[in-house]
Every structure is written in C-alpha cells, then in structure tokens.
Chemist: 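Before I ask anything, let me first share the structure, which is written out below as structure tokens.
Chain letters run A, B, ... following the sequence lines, proteins first, then strands; residues in each count from 1.
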2 protein chains.
Amino acid sequence: MINQNIKIAVDGIVFGYEKGILYVLAVQQRFGKLTDQWVLPGGFVKDNEPLLAAVERELKEEAGITVNYLEQLNTFGDDIHRDDRFRVISVAYFALVNPQNFVLKADTDAKDAKWFPVNQLPALGYDHHDMVTLAHQRLKNKLTYQPIGFDLLGDEFLFSDLENLYCCILERDIDRRNFRKKILSFGIVNETDKVVKIGASGRPGKLFTFDKLKYNQLLKENFQFDIRFA
Amino acid sequence: MINQNIKIAVDGIVFGYEKGILYVLAVQQRFGKLTDQWVLPGGFVKDNEPLLAAVERELKEEAGITVNYLEQLNTFGDDIHRDDRFRVISVAYFALVNPQNFVLKADTDAKDAKWFPVNQLPALGYDHHDMVTLAHQRLKNKLTYQPIGFDLLGDEFLFSDLENLYCCILERDIDRRNFRKKILSFGIVNETDKVVKIGASGRPGKLFTFDKLKYNQLLKENFQFDIRFA
DNA sequence: ACAAAAGTGTTGAAGATACACCCATGG
DNA sequence: CCATGGGTGTATCTTCAACACTTTTGT
C-alpha cells in the first residue's frame with residue numbers, strides 16, 4: 001500500500017432559474033475554521049461510496065434537494081493549498097434543478113442554505129468561486145448544444161419561459177419568431193392543450209412539455225440539437 | 001483530520017497520429033499484480049504535487065514524452081473496485097502529441113512503452129479501456145470545434161495531411177475543395193514557400209503552418225472554429 | 001380603449017454542398 | 001506516357017437573419 005496523504009471531496013454547483021434570474025445554491029458552514037462562511041454544498045467522500053453518490057448525498061444532507069441533471073465538471077487539484085488545513089482534491093459536479101420543486105432545508109453540516117443570483121454571489125470559501133465561474137461557462141456552452149434548459153424549468157412551461165431562459169443565461173436578445181420556429185422544428189417539445197396566464201394582464205399562453213423520449217430517439221439517428229443565433 | 005482511505009492517481013490517454021492511423025500510447029507494467037499487463041501511463045499523485053504535474057511526470061517517466069496538448073478528461077471514481085487492491089480514484093487526462101517528435105523510452109516503472117492503433121488495442125488493465133473510449137469520443141467531438149488537429153501534426157504539414165487526419169479520425173469522407181476553402185477562410189494557417197514531395201511520385205505540395213497567435217487573437221473577437229460537413 | 005403578453009410568415013443574404021478537370025513530378 | 005497526388009471554381013440549395021402586425025386577456 002502506497003503512502004499518500006491526500007483527501008478527496010466532492011462539491012456541487014447547483015443552478016436554479018426562476019423569473020429571469022439564474023441562481024446558484026450556497027450553504028453556510030456550521031463547523032470548522034470557516035464557520036459562517038458561504039461555500040458550495042459538498043464534503044468528503046466516504047471510503048465505499050461512489051463519487052456520484054457522494055454528491056447526491058451532500059446535496060440532500062446540506063440543502064435537502066435532488067437534482068434534475070448532474071454531471072462531472074472538473075477535478076480541482078492543482079493548487080495544493082486550496083484547503084489550508086491539509087491537501088484536499090475536489091471533484092466538482094455541475095447540477096440543474098427547478099427551484100420550485102424544493103424548499104431549501106439546511107440539515108446536517110449546514111447552518112443555512114440559500115439561492116444567490118449568480119451575479120450577486122457573496123464571497124465563497126476555498127476556490128469555490130472558480131468552480132462557479134467554470135460551471136457558469138459550461139452552462140452557457142452546453143445550453144447551445146444540449147437541451148438542458150428544460151431541466152431548469154418545470155414539466156410544463158410557456159414558450160416565453162424557455163425563450164427568456166435562453167435570453168437570460170446567454171445574455172443576449174433572441175428573435176422570438178426564429179426561436180420558436182427552430183425549437184419546434186426539432187420536434188422535441190409537445191404542445192399541451194392547457195392554457196394559462198401568468199401576470200395580471202396579457203394574453204394567456206399554451207403550456208408545452210419537453211419530450212425526452214423523442215429526444216433520445218433522435219439522438220440515435222444522429223440528431224444534433226443546436227441553438228445559436230443572433 | 002478526517003479519516004479516509006482512498007488513494008488518488010492520474011492516467012494519461014495520449015493520442016498520436018501518423019500516416020492515416022490514430023494511435024494510443026500504452027505501457028507494460030513492470031511491477032505488481034498486473035505485471036506484463038498493458039495499461040495507460042499513469043500513477044499515484046505525490047502529496048505536494050499538482051495533478052497536472054503528476055501526469056506530466058508520469059508521461060515523462062514511463063514513456064519519455066512531453067505532450068503538445070493536455071487537458072483533464074474525467075475523474076473515475078464511481079466504481080469503488082476499479083482497482084482491486086484498494087480504492088483508487090483516477091483523474092484521467094487527454095493528451096495529443098506528434099509521435100515523430102519522440103522515441104518512446106520505457107523508463108522507471110514501465111517495462112515497455114508502445115503505440116497501438118486505436119482500433120487494435122490489446123486488453124488494458126483496470127478500467128483503462130473505458131478511458132480510451134471516452135477520450136476517443138472527446139477527440140472526435142473536439143476536432144470539430146477546436147483546432148486541436150494541429151497538435152497531432154508537425155509544425156509544418158501538407159494540406160493533405162490535415163485533410164487525411166480529419167477523414168481518418170472522424171471516419172468519413174471529406175470534400176477536398178470545400179475543406180481547404182473553409183480552413184483557409186479562418187485565416188489561421190499560413191502557407192510557407194517550402195514545397196515538398198512525400199511519396200515516390202505525385203506533385204509536390206506546399207507546407208503550411210498553424211498560426212496559434214492569430215487563432216488566440218480571433219478567439220478574443222468571438223471567433224468560432226467549426227468544421228462539420230459531409 | 002389601452003396595456004401587456006402570445007401568436008404568426010416572408011424575403012433576402014450567406015453559407016453549405018455537390019461536383020470534375022488540369023498540373024507537377026517520378027518512374 | 002502513365003501513375004500519383006496537388007491544386008483550383010461555379011451553380012444550386014439550404015439555412016439563417018431580419019423584420020411588424022394581429023390576437024387575447026385584464027383593467
């Protein structure tokens with residue numbers, strides 16, 4: 001058995017979207033040197049626990065949430081002093097959730113758990129700010145070539161929700177007509193016959209759903225989701 | 001200090017390209033249970049060594065090479081028995097090199113180091129075959145939206161080399177005229193005035209170089225490299 | 001009637017595809 | 001003069017981009 005003194009942790013960068021604002025989940029530490037400091041949810045991996053299970057457990061324990069989408073982002077282990085207690089390498093995971101599905105609930109190790117607009121994050125401990133920056137970039141890129149926007153919305157959504165989500169996250173204007181035309185041309189959203197109005201005024205809109213099955217089928221036929229335009 | 005018994009390693013999936021064939025670098029283990037087994041170059045991370053430095057060291061030690069391109073691929077830590085001695089989490093790196101730059105030289109821990117055509121790999125130890133599969137996929141994808149093909153070629157190359165590289169790795173035919181038109185339209189390759197002939201016959205061709213500076217400049221202006229066509 | 005959001009088509013420009021012949025060299 | 005690989009242009013089609021008015025609802 002070799003001798004090595006490095007600990008391994010996982011951290012989650014969880015994005016939520018609501019009414020034109022992109023949020024990131026942070027928790028306030030209850031113990032240790034960084035007590036009261038805001039950090040990303042995460043913690044040490046157990047000896048017989050897969051990495052994925054570790055993130056899922058931490059998200060559950062520290063904030064009470066279960067995510068819609070989860071993928072590995074990056075492993076942070078080049079700065080050997082990123083944790084100043086001892087050497088910790090952290091595997092960061094990128095996650096998406098619909099915030100309406102959950103009431104945040106700080107639990108085991110966390111004093112508090114809260115959504116922060118991605119543009120108004122408090123200072124985060126460790127190198128967690130870098131993680132958020134990287135994850136934000138990944139979100140922007142991935143939005144254009146994979147239909148992950150739907151994981152930030154509820155099962156049923158207005159076309160305008162989807163459109164605003166894209167505008168807001170990609171930080172640019174989108175032509176409504178071209179956007180709708182393109183999304184519909186893919187054939188991966190279905191129109192329901194429910195009609196709903198949101199604000200106090202304005203014409204009600206139809207609700208749509210994302211057809212994941214259809215999307216998976218299309219993938220096998222070399223379909224390429226792609227939304228990039230002015 | 002928490003109690004955790006997980007070791008951390010790095011592995012490198014190094015691709016080389018020569019004359020229409022894509023190769024992967026493997027080494028033959030000299031010690032341990034898997035003696036004589038072919039595996040990817042890699043090893044344990046030292047306590048005060050950044051991850052990147054660890055891969056670079058291992059590639060140097062086990063095969064005597066320095067790569068042109070190196071990026072993190074994925075961290076393998078979901079199968080807790082991927083190494084049956086004890087739990088090891090491995091950070092896999094994706095690397096590109098021009099094989100002509102090096103004479104492979106097995107050194108410290110490796111008995112032998114060798115290039116294998118990616119389609120004729122021997123059985124690899126651990127989960128290294130999965131790593132190769134993932135890396136191969138990454139290479140194919142990345143080739144289309146980042147000019148990393150150049151890192152597999154020498155400083156100077158024939159247009160036909162570049163074209164064959166794309167054909168060969170993407171496994172499809174490419175229209176020579178359209179390919180050349182597109183690559184030239186980016187303005188990131190320069191024509192030298194050297195002319196060279198390769199085979200025993202045929203018209204000699206001009207050598208080209210990749211203009212990395214120009215490419216980096218263009219990136220700042222929101223340039224998007226993109227090669228995808230029938 | 002007005003304010004607010006939903007819904008809807010057309011046209012021109014640009015980019016992608018398809019396609020075939022001549023040129024330079026060595027044997 | 002033949003075999004081999006290098007070099008080049010055009011016509012068509014598809015896709016993207018730009019653009020504005022009508023409908024439904026609440027106040």
Chemist: Figure out the CG/C1' separation between L207(A) and dG7(C), and round it to whole Å.
Modeler: 15 Å
Chemist: Looking at dT23(D), dA24(C), dT10(C), which one has an atom nearest to any side-chain atom of K181(A)?
Modeler: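 Among the listed nucleotides, the one closest to the side chain of K181(A) is dT10(C).
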Chemist: Tell me the interatomic distance from I183(B), atom CD1, to dA16(C), atom P, rounded to whole angstroms.
Modeler: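 Computing the I183(B):CD1 to dA16(C):P distance gives 12 Å.
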Chemist: Both K182(B) and V195(B) contact DNA chain C. Which one's nearest nucleotide lies toward the 5' end?
Modeler: K182(B)
Chemist: Contact between V55(A) and V91(A) at the side-chain level, heavy atoms closer than 4.5 Å - yes or no?
Modeler: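 No, too far: nothing below the 4.5 Å cut-off.
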Chemist: Could you work out, with side-chain hydrogen bond (donor to acceptor under 3.5 Å, both in side chains) as the rule, every residue matching D151(A), not counting sequence neighbours?
Modeler: none
Chemist: Within this structure, what is the CZ-to-P distance between F229(A) and dA18(D), rounded to whole angstrom?
Modeler: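 Atom CZ in F229(A) sits about 11 Å away from atom P in dA18(D).
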Chemist: Whole-Å distance between dA24(C) C1' and L158(B) CG?
Modeler: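 Spelled out: CG on L158(B) to C1' on dA24(C) is 14 Å.
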Chemist: Quick one: is S201(A) getting a side-chain N or O under 4.0 Å of the dT25(D) phosphate, OP1 or OP2?
Modeler: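 No, outside the criterion.
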Chemist: May I ask you to verify whether the side chain of R176(B) and the base of dG7(D) hold a donor-acceptor pair under 3.5 Å?
Modeler: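 Such a pair is found, so the answer is yes.
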Chemist: If I take atom CG in residue D173(A) and atom P in nucleotide dC16(D), what distance separates them, rounded to the nearest angstrom?
Modeler: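 Rounding to the nearest Å, CG of D173(A) and P of dC16(D) are 19 Å apart.
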Chemist: With a 4.0 Å cut-off on N to O distance, would you call R82(A) and D130(A) a salt bridge?
Modeler: no
Chemist: Which nucleotide, dT23(D), dA18(D), dT10(D), lies nearest any side-chain atom of N178(A)?
Modeler: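 Selected nucleotide (nearest to the side chain): dA18(D).
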Chemist: Rounded to the nearest Å, what distance is computed from the CZ atom of residue F186(B) to the C1' atom of nucleotide dA16(C)?
Modeler: 12 Å
Chemist: Ignoring hydrogens and angles, answer whether the base of dA20(D) and the side-chain atoms of R177(A) contain a donor-acceptor pair closer than 3.5 Å.
Modeler: yes
Chemist: Rounded to whole Å, please give me the gap between CD1 in I227(B) and P in dG15(C).
Modeler: 14 Å
Chemist: Considering only side-chain heavy atoms of S160(B), which listed nucleotide, dG9(C), dA18(C), dG6(D), is closest?
Modeler: dG6(D)
Chemist: Closest to the D175(B) side chain: dT8(D), dC19(C), dT25(C)?
Modeler: dC19(C)
Chemist: Please state how far atom CZ in F179(B) lies from atom P in dG6(D), giving the value in whole angstrom units.
Modeler: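 So the two atoms are 13 Å apart, to the nearest Å.
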Chemist: Tell me yes or no: between the side chains of K60(B) and T66(B), is some donor less than 3.5 Å from an acceptor?
Modeler: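 Indeed, the side chains of K60(B) and T66(B) share at least one donor-acceptor pair under 3.5 Å.
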Chemist: Hey, is the side chain of K197(A) pairing donor to acceptor with the base of dT27(D) inside 3.5 Å?
Modeler: no
Chemist: Quick check: F157(A) with F210(A) (ring centres under 6.0 Å apart)?
Modeler: no
Chemist: What I want to check is whether an N or O donor and acceptor connect the side chain of K206(A) with the base of dT8(C) at under 3.5 Å.
Modeler: no
